[in-house]
Structure formats: structure tokens, C-alpha cells
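Beneath this line is the structure, given in C-alpha cells, with notes to follow.
Sequence positions, counted from 1, serve as the residue numbers for this chain. As a basis for the values below, the full set of heavy atoms in this structure was taken, side chains included, without hydrogen atoms, waters or symmetry mates. Nothing here was measured: the structure is a model prediction, and the numbers come from that model.
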Amino acid sequence: MDFTLSDDQRAIADAASAFAAAELAPHSARWDEEKHFPVEVLRKAAELGFAGIYVGEDVGGSGLGRLDAAIIFEALSHGDVATAAFLSIHNMASWMIDRFGSDQLRRRYLPRLTSMELVASYCLTEPGSGSDAAALRTTARRDGDAYVVNGSKAFISGAGTSDVYVVMVRTGGEGAKGVSALVVEKDSPGLSFGAQERKMGWNAQPTAQVNFDNVRVPVANRIGEEGEGFRFAMMGLDGGRLNIAACSLGGAAFALETAQAYLGERRQFGRPLADFQALQFKIADMATELEAARLMVRRGADALDRRDPQATRLCAMAKRFATDAGFFVANEALQLHGGYGYLRDYPLERIVRDLRVHQILEGTNEIMRVIIARELLRP
């Protein structure tokens with residue numbers, strides 16, 4: 001058991017950190033304030049291979065593993081959490097096409113997805129089915145060589161901007177076995193988008209409802225066979241949960257570093273704040289929580305790379321622990337700044353807002369507990 005990064009992984013981390021420092025961090029506050037989605041910057045990230053991290057090299061991907069991805073997303077989110085998180089979603093959608101799509105589908109879409117000429121969104125959640133994802137109601141009725149899709153998806157990152165939507169639809173009966181996955185293009189007649197959601201955080205990426213009104217989708221755009229879509233979606237979420245957990249690590253690491261610097265600079269009662277033991281203990285706890293979370297994320301990523309039968313449970317554990325720990329660290333960092341932490345002139349209120357949603361998306365942390373308990377108590 002070796003906890004050190006390999007030379008290749010260190011080079012990947014250094015490249016992602018350099019990109020975050022040069023291309024993300026200087027603009028993060030403005031993107032949040034202006035609700036700007038920096039697609040051109042994402043395409044620069046794609047030039048480094050970050051838009052197809054675990055997609056096959058034969059279609060332009062980097063062919064890396066889940067541990068590599070966790071390292072990349074932690075480094076990128078140190079510069080901007082919301083942008084790094086969207087890149088995770090794009091990677092998840094691309095991976096589903098790469099892993100389960102036909103060779104024709106892979107070659108049609110993936111070279112342009114890995115370069116981010118095309119931007120992808122993942123569409124599972126609906127207005128009436130969030131945690132109970134298998135209850136989704138968006139239907140796809142077979143009509144010759146096409147499916148006719150009707151329904152709506154909610155809280156979709158990239159909605160209205162993305163070019164490609166990986167959509168879970170009901171092609172059969174009730175429950176998970178009736179769900180299939182389709183690739184739907186933005187310019188499909190009948191596809192429309194709701195108003196942009198007014199969110200607490202993640203303002204540097206658009207979020208809206210996606211609506212399907214008799215949208216015709218070629219059968220050739222189906223990923224895998226009918227009835228396999230829910231399984232694909234859940235497998236995608238194993239990796240997506242790790243990536244969001246890694247984004248929490250990066251945002252929290254930035255918050256911790258900011259708090260450390262502030263405690264050394266700020267003086268009260270004639271002494272630096274860093275001299276007060278109560279505040280030293282806070283910093284110690286924050287650093288410990290962050291380190292424990294990092295180990296859990298990398299343990300889950302390693303399990304997923306090895307296709308360990310326990311991978312789903314370990315990914316759920318890592319997501320639950322790391323997103324809770326990330327928010328805790330960021331919130332404590334804000335508290336250590338006192339009133340200044342609450343001001344938009346400082347970055348911590350933005351980090352707190354951006355990290356809060358990580359405890360909700362990719363499966364709420366309550367659902368992570370359900371998954372963990374189910375695996376532990378299974379006969």
C-alpha cells in the first residue's frame with residue numbers, strides 16, 4: 001500500500017494545478033458574479049486531456065483512470081469549484097457513450113466531446129423523481145427507426161448551452177428495468193429549455209429544466225440495449241460521486257490555505273490570531289478532516305479502477321464523507337475570518353455556496369447512507 005503519487009500522477013496534478021492557477025482562479029469571482037459559463041476556458045482544459053479523462057484514446061480520450069481523475073478534479077477545483085464540477089459532468093456523459101455505446105456512436109460523438117467542440121450534459125433527475133430515480137417518467141416510444149421522447153428533466157447542468165444530452169428515458173415497464181439511455185442533440189425539434197435557475201452557488205454554470213415534446217431520436221443514438229440505461233446511469237454516478245467529492249477537496253483546500261494565511265496576518269489583542277490555541281485547534285481539525293476525506297476519495301477511486309465488488313459502497317462512503325468534510329472546512333474558514341468572511345470581497349462565501357450543493361447532487365448524502373447500509377446489511 002503506497003500513498004504517494006507516481007511520477008506520472010504528479011505530472012498530471014502539476015498540469016491541472018497550473019491550469020487552475022492561470023485560467024480559473026483569476027476569473028472565479030467574476031464568473032460567479034456575472035453568472036458566466038466559461039466554455040472557451042473549458043475547451044482549453046480539453047486541450048490538456050481533461051474533457052475525456054477516462055475515455056478511450058482511439059476516440060481522442062486520455063485513457064486514464066479514476067484515481068487520475070480524482071487528482072485532476074481536486075486540482076482544478078482549487079481554482080474554481082463550479083467550473084471543475086461541470087467538467088466532471090461532461091466527463092461522466094462522455095464515459096457512458098464510450099463504455100456502453102456502439103462503435104458507431106462512439107466515433108460519431110466522442111472525438112468532438114473530448115475536444116469540447118461539443119459540450120455534454122447528463123439528464124436523469126426529473127421534477128417528480130430525484131432520489132427515487134428509477135421512478136422517472138420521461139418516455140421514449142419506438143416509432144420505426146426512431147424513438148419519440150416526451151417528458152422533462154430538472155436541475156440539468158449545462159441545459160440550454162450543451163450540445164449533447166445523455167438522457168435516461170422509459171422505454172419499458174415500471175422500475176429500473178424499463179429505463180434506457182439515449183443521446184439527444186440540442187437542435188432536435190421539440191427540445192426546449194426552461195428558465196435558468198436562480199441558485200445559491202454554482203453560478204459559473206447554467207442550470208435549467210430540459211423539456212421533450214415529441215422529440216424524435218434515432219434508435220442508433222441509444223446507448224446499449226433497451227432496459228440497460230438505469231444500470232449505466234448508476235455506474236456513471238459511482239465515478240461522478242468521486243469527482244464531486246474531489247471537487248469538494250479542492251475547494252476546501254483553498255479555504256484552508258486562505259484561513260491559515262489570514263490567521264498569520266490578522267491581529268487581535270496585540271497578537272496574531274495564529275497564537276490563540278482555540279484557533280490552532282480549529283485549523284488542526286480542518287486539516288485532519290480534509291486529509292481523511294482525501295484518503296477516502298482515493299481509496300474509492302482505486303476500488304473503481306480495479307472493479308472491486310465493494311466499489312459502489314466505497315464511492316458512496318467517499319462522497320458522503322468528503323462533501324460533508326469539504327463544507328465543514330469551508331464554513332469554518334469563513335468563521336475564522338469573522339465579518340470579513342461574509343463579504344463578497346473575500347472568496348470564502350463563494351466557496352461555501354459552491355460546496356453546499358455537493359451534499360445534495362449525484363445522490364444526496366442521505367441516499368449515500370442508504371446505499372452504504374444496504375450493502376452492509378445485504379444477506
Listed partners of D305 passing salt bridge (Lys or Arg N to Asp or Glu O under 4.0 Å), at least two apart =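 With neighbours one apart ignored, the set is empty.
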
Check salt bridge (Lys or Arg N to Asp or Glu O under 4.0 Å) between E225 and all other residues, then give those that pass, not counting sequence neighbours.
->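 Partners of E225 by the salt bridge (Lys or Arg N to Asp or Glu O under 4.0 Å) criterion, ordered by chain and then number, come out as R222.
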
Below 4.0 angstrom, N of the basic side chain to O of the carboxylate: do [X] and [Y] qualify?
| X | Y | answer |
| --- | --- | --- |
| R353 | D32 | yes |
| E289 | R294 | no |
| E126 | R170 | no |

Single-linkage hydrophobic cluster [X]~[Y], side-chain heavy atoms < 4.5 angstrom:
| X | Y | value |
| --- | --- | --- |
| L76 | V39 | yes |
| F73 | W95 | yes |
| M96 | L87 | yes |
| L295 | F321 | no |
| L48 | I12 | yes |

Can you find a heavy atom in the side chain of [X] that is under 4.5 Å from one in the side chain of [Y]?
| X | Y | answer |
| --- | --- | --- |
| E375 | R378 | yes |
| K199 | F155 | no |
| L64 | Y54 | no |
| V352 | E349 | no |
| V166 | F232 | no |
| I97 | L105 | yes |
| I283 | L336 | yes |
| N150 | D213 | yes |

With a cut-off of under 6.0 Å to the ring centre and 45° to the axis, is R350 in cation-pi contact with W31?
->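 Relative to the ring axis of W31, which defines the angle, R350 lies outside at least one limit.
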
Establish, for the pair R298 and F3, whether the NZ or CZ atom is under 6.0 angstrom from the six-membered ring centre and no further than 45 degrees off its axis.
->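 That pair does not qualify as a cation-pi contact.
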
Give a yes or no answer on whether the side chain of [X] reaches the backbone of [Y] with a donor-acceptor pair at less than 3.5 Å.
| X | Y | result |
| --- | --- | --- |
| S77 | C247 | yes |
| D163 | V119 | yes |
| K186 | G160 | yes |
| T171 | V179 | no |
| D354 | V81 | no |
| Q196 | T207 | yes |
| S62 | G49 | yes |
| K153 | L124 | yes |

I'd like to know if the side chain of [X] pairs up with that of [Y] as donor and acceptor (distance under 3.5 Å, no hydrogens or angles considered).
| X | Y | result |
| --- | --- | --- |
| T312 | D238 | yes |
| Y122 | E362 | no |
| N221 | R108 | yes |
| D324 | N365 | yes |

Rounded to the nearest 0.5 Å, how far does CE of M235 lie from CZ of F100?
->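 Between atom CZ of F100 and atom CE of M235 there are 4.0 Å.
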
Point-to-point distance, once rounded to the nearest 0.5 Å, from CG of L348 to CD of E332 |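 Rounded to the nearest 0.5 Å, the CG-CD separation comes out at 12.0 Å.
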
Using the benzene-type ring in the case of Trp, are the ring centres of F212 and Y147 under 6.0 Å apart?
->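 No, they do not, as the ring centres are separated by 6.0 Å or more.
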
Aromatic plane relationship, H337 with Y262 - under 30° parallel, 30 to 60° tilted, over 60° perpendicular |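 Parallel.
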
Mutual orientation of the aromatic rings belonging to H358 and W202 [parallel < 30°, tilted 30-60°, perpendicular > 60°] |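 Because their plane-to-plane angle is over 60°, the rings of H358 and W202 count as perpendicular.
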
Run the numbers on R106 and D98 for salt bridge (Lys or Arg N to Asp or Glu O under 4.0 Å), then give the verdict.
-> CA-CA 6 Å; R106 291 177 70 250; D98 184 51; 2.8 Å; yes

Just jot down the side chain to side chain donor-acceptor pair (under 3.5 Å) partners of S157, sequence neighbours excluded, or say none.
->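 Expected list: Q205.
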
